[in-house]
Amino acid sequence: MTLHIPFDNSYSRLPDRFFARQAPVPVARPELLLLNRPLARDLGIDPDALQSPEGVAVLAGNAVAEGSEPLAQAYSGHQFGGFSPVLGDGRAVLLGEVIDTHGNRRDLQLKGSGQTAFSRPGSDGRSPLGPVIREFIVSEAMYALGIPTTRSLAAVATGERVRREDLLPGGVLTRVASSHIRIGTFQYFAARRDTEGLQILTDHVIARHYPEASGALDLLKNVMARQARLVTRWMGVGFIHGVMNTDNSTISGETIDYGPCAFMDTFDPGTVYSSIDRLGRYAFDKQPEILGWNLAQLASALLPLIDPDEDAAVEAAQDAMNGYGDLLHAAWMEVFRAKIGLVTEQPDDVGLISDLLSAMARGQADFTNTFRALANGTARDQFLEPDEFDQWDSRWRARLNDEPEAAPLSERLTAVNPAIIPRNHRVEQAIVAAMEGDLSPATRLFEALSRPYADPTDEVRDLIRPPTAPERVQRTFCGT
Ligand code: AMP
Ligand code: MG
């Protein structure tokens with residue numbers, strides 16, 4: 001069988017200053033570890049062909065498939081609040097785009113595929129295998145939860161070692177995204193005062209992601225709405241991205257960059273996992289504020305396109321940004337109202353939801369299991385001291401009396417409150433096993449996470465349990 005990838009590239013048609021053409025750098029002994037067969041079929045690629053030596057060579061970067069025009073994208077970004085004018089794909093290569101079987105344009109990108117023109121000085125352009133497996137598992141779990149995200153097509157071991165603090169086995173991830181264009185891509189052209197480039201990028205993005213948008217200001221408002229929805233949906237599943245730099249905020253509204261991310265076990269709004277986030281900039285409950293900050297960077301990059309008169313542009317952008325607070329609040333309420341089974345809106349719903357979260361924090365309740373247990377009346381078991389929850393429960397029951405008879409309550413609740421999430425300790429265990437050559441925990445997790453809202457069978461019950469003290473993972477490493 002021969003590999004055919006139906007490339008239909010558009011980014012590579014943009015002006016030369018948008019990227020550096022760059023083939024992936026071959027690796028010593030590629031070995032396919034994980035392949036996402038349903039995703040391959042969605043992309044119109046034969047999974048068997050991808051599994052063949054010819055396919056694995058492409059997934060490892062050892063061969064360039066017909067129609068592929070590999071390139072590293074240029075971008076800038078604020079990282080932990082400091083601006084880097086030149087970042088770009090320092091360890092990733094866009095292979096090209098395909099139109100999937102649903103008619104959607106999707107990027108195929110290799111991550112960990114060697115140095116590019118944008119590699120940080122002294123950096124190898126590679127990725128350790130551990131973070132590759134983490135991204136594969138967690139991004140696919142996010143997809144199964146119904147939350148917009150980049151996807152993972154394949155994970156390949158390189159047969160080479162990468163030097164970090166230790167020597168670690170290397171890996172390459174094939175990432176699929178509706179595009180890899182980020183807020184930082186706009187910042188790249190804005191920092192150069194390249195208004196023509198900004199206009200070309202804006203036109204490309206509007207055609208690709210927001211055909212309904214009427215111009216730069218409207219694009220800003222659209223990105224704001226999608227990103228607000230994304231971040232509140234993360235919060236609805238207890239997800240902490242961990243590194244919400246402006247180069248990790250997509251224009252499409254998909255989750256990108258599963259570096260030091262994690263799902264919370266015990267609910268604590270100030271939770272931080274990332275080993276490099278020492279000040280807690282990207283803590284769980286800081287995410288809406290940070291998104292607002294990132295959107296302000298997009299607004300400022302777009303100014304020359306919003307209005308040729310600078311004062312008028314600033315006023316219009318400011319006006320759009322002033323709407324962010326209400327937009328975020330509405331998106332948050334939509335997510336959390338559904339999580340407690342409410343279909344209608346009442347003024348005190350915000351108080352009801354906040355009081356549950358406060359009780360959960362004080363009662364050291366498991367975030368996922370508490371919401372899931374609302375459906376079968378056992379949520380009180382999740383609390384160290386259930387009195388506060390019991391009081392809340394009576395208020396909640398009273399509020400539910402005002403709801404129309406829509407779908408039964410337990411069905412409404414289980415449809416939005418997952419049973420299975422990629423708990424950090426399970427992901428860590430799967431990574432450790434994979435490094436020792438045993439892929440079965442990783443594939444088992446991948447399978448179980450594909451049905452997060454289903455009633456768990458006995459075989460997956462261990463995946464629902466929060467970590468015991470020795471199992472708990474305190475910090476997640478960026479792994480770059
Ligand atoms: P990331 O953590 O992958 O989002 O990377 C942030 C920035 O650092 C991007 O510009 C990357 O391309 C660059 N970078 C990260 N890791 C490496 C690496 N191993 N070699 C070269 N550049 C890197
Ligand atoms: Mg990144």
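Residues take their numbers from the sequence shown, with the count starting at 1. Just so we're clear, the structure is a prediction, and the values are computed from it rather than from any experiment. Note that ligands are numbered from 1 as they come in the structure, with each ligand's atoms numbered from 1 the same way.
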Identify, by atom number and element, the atoms of ligand 1 in contact range of Ser119, meaning under 4.0 Å from any of its heavy atoms.
21 (C), 22 (N)
Is the distance between the ring centroids of Tyr75 and Tyr188 less than 6.0 Å?
no
With a 4.0 Å heavy-atom cut-off (strictly under), which part of Asn245 contacts ligand 1: side chain, backbone, both or neither?
neither
If the cut-off is 4.0 Å to any non-hydrogen atom of Arg120, which atoms of ligand 1 fall inside it?
6 (C), 7 (C), 8 (O), 13 (C), 21 (C), 22 (N)
Quick check on Arg164 - does any of its heavy atoms sit under 4.0 Å from an atom of ligand 1?
yes
Counting from 1 in the order shown, the ligand 1 atoms closer than 4.0 Å to a non-hydrogen atom of Tyr75 are 9 (C), 10 (O)
So if I count the atoms of ligand 1 from 1 in the order they appear, which ones are less than 4.0 Å from some heavy atom of Leu87?
10 (O)
Check for me whether Gly259 has a heavy atom closer than 4.0 Å to any atom of ligand 1.
no
Please indicate whether any nitrogen or oxygen in Asp257 is less than 3.5 Å from any nitrogen or oxygen in ligand 1.
yes
Other residues, nucleotides, ligands: >12 heavy atoms within 6.0 Å of Glu66 CD
no
Within the structure, is a non-hydrogen atom of Gln79 found at a distance of less than 4.0 Å from ligand 1?
yes
Taking Gln287 for the side chain and His241 for the main chain, is one N or O donor matched with an acceptor at less than 3.5 Å?
yes
Per-atom contacts, ligand 1 versus Gly90 - under 4.0 Å to a heavy atom:
11 (C), 12 (O), 20 (N), 21 (C), 22 (N)
Under 3.5 Å, is there a donor-acceptor pair between the Tyr258 and Thr150 side chains?
no
Ring-plane angle category for Phe18 and Tyr11, please: parallel below 30°, perpendicular beyond 60°, tilted otherwise.
perpendicular
To the nearest 10°, what's the angle at the Mg ion (ligand 2) between atoms OD1 (Asn248) and OD2 (Asp257)?
90°
Heavy atom under 4.0 Å from ligand 1: found in Arg126's side chain, backbone, both, or neither?
backbone
Using the six-membered ring wherever Trp is involved, compare the ring planes of Tyr282 and Phe80 and label them parallel, tilted or perpendicular (cut-offs 30° and 60°).
tilted
Could you please spell out the steps behind the salt bridge (charged side-chain N to carboxylate O under 4.0 Å, His left out) verdict for Arg423 and Glu428?
CA-CA 9 Å; Arg423 290 191 185 268; Glu428 218 57 48; over 6 Å; no
Flag this pair as yes if the NZ/CZ of Arg281 is under 6.0 angstrom from the six-membered ring centre of Trp293 and inside a 45 degree cone about the axis; otherwise no.
yes
